[in-house]
Structures are given as C-alpha cells and as structure tokens.
Protein chains: 2
Amino acid sequence: MATSQPKKRGSYHHGNLRDALIDTAFAMIEEDGVEALTIRRIAERVGVTHAAPAHHFADKNELMLALATEGFNRFSAALASVMHIADPLARLSEMGRAYVRFALDHPGAYRLIMGPALSRIQMPVQQPTGVGVSEDRGQAASEGTREMLETTVAEAMAGRRALGGASVSGVAFLAWSAMHGAAMLSLDGMMDCEPSGDPAEEFQQKLEEVISFIEAGIALSASEVPPPST
Amino acid sequence: MATSQPKKRGSYHHGNLRDALIDTAFAMIEEDGVEALTIRRIAERVGVTHAAPAHHFADKNELMLALATEGFNRFSAALASVMHIADPLARLSEMGRAYVRFALDHPGAYRLIMGPALSRIQMPVQQPTGVGVSEDRGQAASEGTREMLETTVAEAMAGRRALGGASVSGVAFLAWSAMHGAAMLSLDGMMDCEPSGDPAEEFQQKLEEVISFIEAGIALSASEVPPPST
DNA sequence: CAGGAAATCTTACCAGCGTCAAGATTATAT
DNA sequence: ATATAATCTTGACGCTGGTAAGATTTCCTG
C-alpha cells in the first residue's frame, strides 16, 4: 500500500519521502487526472523542494512506473474480491462488472496502468520489505489479473469451444477487449450522444447487454455461423 | 484534406499557414506520436517562428481539435470504404477489420481522435470552402461512423434480438467496445506476454476469433443463457 | 489610385516543466 | 569521534505554451 506513516515533518530529513511521494501522487491522480501530475506539485504538496524526488526516482518515468505498480495492485485487488464466486460464468460476469466499476471509479489510476505514458519496463523489486514476504509487486499483479481471467474463462468453457469456434484465449481476449473498450469509451466521453435519459444509466444497461451476450456465447457450445436467413 | 499547396515560402506572409500547420502536425503525429507534438516544432518544420500559429489557433487545444477533425475524416473514410458490401453481417466483420487496421496503421491519429487530450468541443465549421458544398467536417464524421455501425448492426439483426437478448444498440456497443479495446490493448503493448510466435500474428488470430464470436452471436436468434451444465 | 485598417508574422518576454550540479544538513558506520 | 553516505536545498539550464508589442504585407475603402 506504500503507506507513509512516519512523516516526521519539519525536520530536514523527511524520513519516508519515497512512500509519501507515491501516496500523494496517487491522491493527486484521483483528483485531477494523470495529465495534471507534476513532480514539482507533488513535492510541494509533500512539503519538500522540487529537486528532492530526484533522489528517490531517477526519472519522472520511474515515478510513474512506481505509481502504476501501486495502481495495478489496487486494480488486481478489486478483481480478486470477486474470485470467490463458485460458478465460473457468474464469476466472469462479476469480474467484468468489477473491472468497469474500478475504471469508472478511479479514472486516473486506470488510465495510468492501462495507458501509454510510461515506457513499459516494469522495474525490478527494490525494497524487500521485512520478513520473508517477497513482495513481487506490479509485474506479478499484471500477470495475476491475466491469469484470473484466463482460468475463469477456461473453467466456464469446460474444454468445449465457445460460440463461433472461439478458443479460451480468444474468448478471454474478447472479454478483456470489450471491458477495456467500454470503460475507455466511457471515460473519454465517446458515449455522450443522443442520450435520452441519464447517460450513466444508459451505459450500465448497455454494459449488461454486452455481458449477457458474451455469457450466452460461452454457455453455448461451438456452432458455425448459420447462413444469413434471407 | 486540408491541403496546403500554395506554400509561398520565403516571403514574409506564408500564404496558407493554417493548412500547412495541420498537414505538418499530422505527419509528425504519424512519425513520433501525439506526445511528441509541439507547437514550436511544428512551426519550425513549417518554417515559421513559434508564435505564428497563435494567429490561427487560439490554443494548442484548438490545434488538436482541428487535427482530430482531420483524423476523424480519414478514419471515417477508411470505414466507409467497406460499406459497399451487401451482406450486413459480412459488412460488419469487414468494418471491424478496417477499424482495427486503421488504428494499428495510424496509431497517432487513432489515439488523437479517440483519446482525451482535448476538451471535447467540436469546433463550429470555419471555412465554407467554395461552391455550395457544406463541408460539415469532424462532428458529422463522428456521427457518420456511429450511424454506419448502428445501421449495419440493425440490418444484420433484422428486427430480431441477438444472443443473450441483446438489442441493436447493445450489440453495436459491444462491437465498438471490442474493436476499440482490442486496438488500444495492442497499441499500449498490453498483449506482449508469453507470445510463442509473432505477436502481431497472434493478435490477428485472436481478433478473428472475436469477430466470428460476435458474428455468430448476431446470427443466432435471442436465446437465454442455459443453466450451467453441472 | 492612394491611404488607413486589418491580417499576418517576428521578436522578446513570462511562468512552469523536468533535469542536473553543487552545496548544506543529517544519519550511519567505522 | 570522525569520515562516509544519504538526504534535502538552492540555483541554474533548456524546453514548453502563452502573451504583448512592433514590423511587414494585404485588403478594403474613399
């Protein structure tokens, strides 16, 4: 969680600058988005001069990388909170809802972990915190979420092929793409068009249709596309 | 197309700066991405000082808006090039392929028109070029693509409901989300993981599975999710 | 065809950004 | 206790987008 408890403010040395920077930056991302994030602003808010962060992060990119790691952990936790569901199909649907909910509730964090804006080299673990727990952050979380998805899809398909002859990896890709696309389109305001009622409500309804479409396609055994009925 | 033919370089007045800026900026986007775009660099490349663009675009955002309009036109054209296909289901599939192909071939342009980075106010038309042709750029192109999609889906569904009871707007949303998500995930390098062979080839294969899944789900009439077969 | 107004471009400056170098201050280890 | 390392500050650099004032050209009006 990168908690920055012992702030020890007022003294020359901060005591726990690195974590404080990450925590503050994360809060700022949630408030004003990734674009508004600035080393100088983070430093100011933490109560330190603009050059201090350079001693903990060689680069702005390295800071962003650490932030993304933190964000991925939270995201992974949000998805994992649904893994207890027994029925794989229901679990998959719930994963989809949790996925989009996280993206919509934490737009900054989601954009950070999914978007570009950082050269995608996950850093090697730096702080082996404490007792034997190898905190394999970030990279592991990324792999973990992917695995959660793939195994759930595999369970749901139970050896059979899905609609259209789709394989496990194909269906997993579809589910991920659809959720990611839906979340991004909503975040980027591409859905704001001829909305008769509440746009958020309309979005939720369409999302449910998407989920049930995919659900049904998985539940069905493989079947070829029937010739168009004309 | 915003062609900047009469460059008239060397003289004090450029002659056609606005279009030249747009064209050059578009080329730079294709080369180095949206992030690397800078007013000063565009100006330098056009052969003009850094403050000159301010007389044609109040803001960098306004420049980006004009660029996005241009990009949307090209994108819309790429999709329209497939609208001649008679069978709506085949047309929809081909639209999906054209969609992703455009995104992968023009990452900068696609990111520009889909992403944030611009306050989404489409500008009012400014230059009523020539003879009676109301060039209703940008906004119209955006609406146009959406309409292309919705009508194609509607034709393909032919009044019936799709798999899982999905409506026309629901299926259109799914198709759009899936293609957008797939394109974005690929562009942002989220697919680079345990690829046994060529990653681009793997991506194409999965994309085909996604398309055939959706195709099949549309071709099928509405059917409820059967209870999990355990 | 003049001559003033408007458009266009240049020059010069501003604050903010990320980054680096050098010095001040504190912690740690020998 | 003293040297070494870690940490933070100060000050500077070049880059960015934006603005103001002046130079140059075009255009429109009388």
Side-chain angles (χ1 to χ4, degrees), chain A residues 2 4-25 28-29 32-68 112 116-119 126-128, chain B residues 2 4-25 28-29 32-68 112 116-119 126-128:
Chain A
S4 60
Q5 293 294 29
K7 280 218 171 175
K8 213 198 284 189
R9 242 159 153 161
S11 52
Y12 193 94
H13 280 24
H14 182 281
N16 197 355
L17 222 196
R18 197 193 138 94
D19 287 349
L21 288 172
I22 293 186
D23 283 356
T24 303
M28 292 175 69
I29 281 187
D32 305 322
V34 197
E35 323 296 333
L37 206 62
T38 280
I39 290 188
R40 294 173 112 103
R41 277 226 276 258
I42 308 172
E44 184 189 25
R45 187 149 146 180
V46 173
V48 112
T49 52
H50 65 269
H55 295 268
H56 298 269
F57 304 95
D59 226 313
K60 188 186 183 182
N61 195 57
E62 238 184 51
L63 206 177
M64 295 302 239
L65 234 37
L67 270 180
L112 178 68
L118 37 146
S119 34
Q126 288 190 345
Q127 33 191 21
Chain B
S4 60
Q5 292 295 31
K7 281 216 169 174
K8 213 199 283 190
R9 243 159 152 162
S11 53
Y12 192 92
H13 280 24
H14 183 283
N16 197 355
L17 222 196
R18 198 192 137 94
D19 288 348
L21 288 172
I22 293 186
D23 284 355
T24 302
M28 292 174 68
I29 281 186
D32 304 323
V34 197
E35 323 296 334
L37 207 61
T38 282
I39 291 188
R40 293 173 111 101
R41 278 226 276 258
I42 307 172
E44 184 189 24
R45 186 148 146 181
V46 172
V48 114
T49 52
H50 66 270
H55 295 267
H56 299 270
F57 304 96
D59 226 313
K60 187 185 183 182
N61 195 58
E62 239 185 50
L63 206 175
M64 296 301 239
L65 233 39
L67 269 180
L112 178 68
L118 35 147
S119 34
Q126 287 190 344
Q127 33 190 21

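In the text below, chain A, chain B and the rest are named by the order of the sequence lines, each starting its count at 1.
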Practice prompt. Looking only at side-chain atoms of A:Lys60, point me to the closest of C:dT19, D:dT16, D:dG18.
Written response: C:dT19
Worksheet entry | A:Glu62 CD - C:dT19 C1' separation (whole Å) | 14 Å
Fill in: Min side-chain heavy-atom separation B:Leu67-B:Val34 under 4.5 Å
no
Item to complete: Measure the distance from CD on B:Glu44 to P on D:dG14 and round it to the nearest whole Å.
Response: 16 Å
Worksheet item: Nearest-Å distance, CE (B:Met64) to C1' (D:dT16)?
Response: 13 Å
Worksheet entry | N or O in side chain of A:His50 less than 4.0 angstrom from C:dT19 OP1/OP2 | no
Practice prompt. Indicate the atoms forming the closest heavy-atom contact of A:Ala43 with A:His50, along with that distance.
Written response: CB-CA, 4.0 Å
Discussion item. In whole Å, I'd like the distance from the CD1 atom of A:Ile39 to the P atom of D:dT9.
Written reply: 14 Å
Discussion item. Do A:Phe57 and A:Leu21 have side chains that approach each other closer than 4.5 Å (heavy atoms only, starting at C-beta)?
Written reply: yes
Response to the item:
Against the side chain of A:Thr49, the closest entry in C:dT10, D:dT10, C:dT19 is D:dT10
Worksheet item: In whole angstroms, how far is the C1' atom of C:dG18 from the CD atom of A:Glu35?
Response: 16 Å
Discussion item. For a quick test of reading the model, state the closest non-hydrogen atom pair linking B:Val48 to B:Ala52 and the distance between them.
Written reply: CG1-CB, 3.3 Å
Worksheet entry | Whole-Å gap separating P (D:dT16) and CZ (B:Arg41) | 6 Å
Item to complete: With the side chain of B:His55 defined as its heavy atoms from C-beta on, choose the nearest nucleotide among C:dT8, D:dT9, C:dG18.
Response: C:dT8
Practice prompt. Between A:Arg40 and A:Ala52, name the one whose nearest nucleotide on DNA chain D is closer to the 5' end.
Written response: A:Ala52
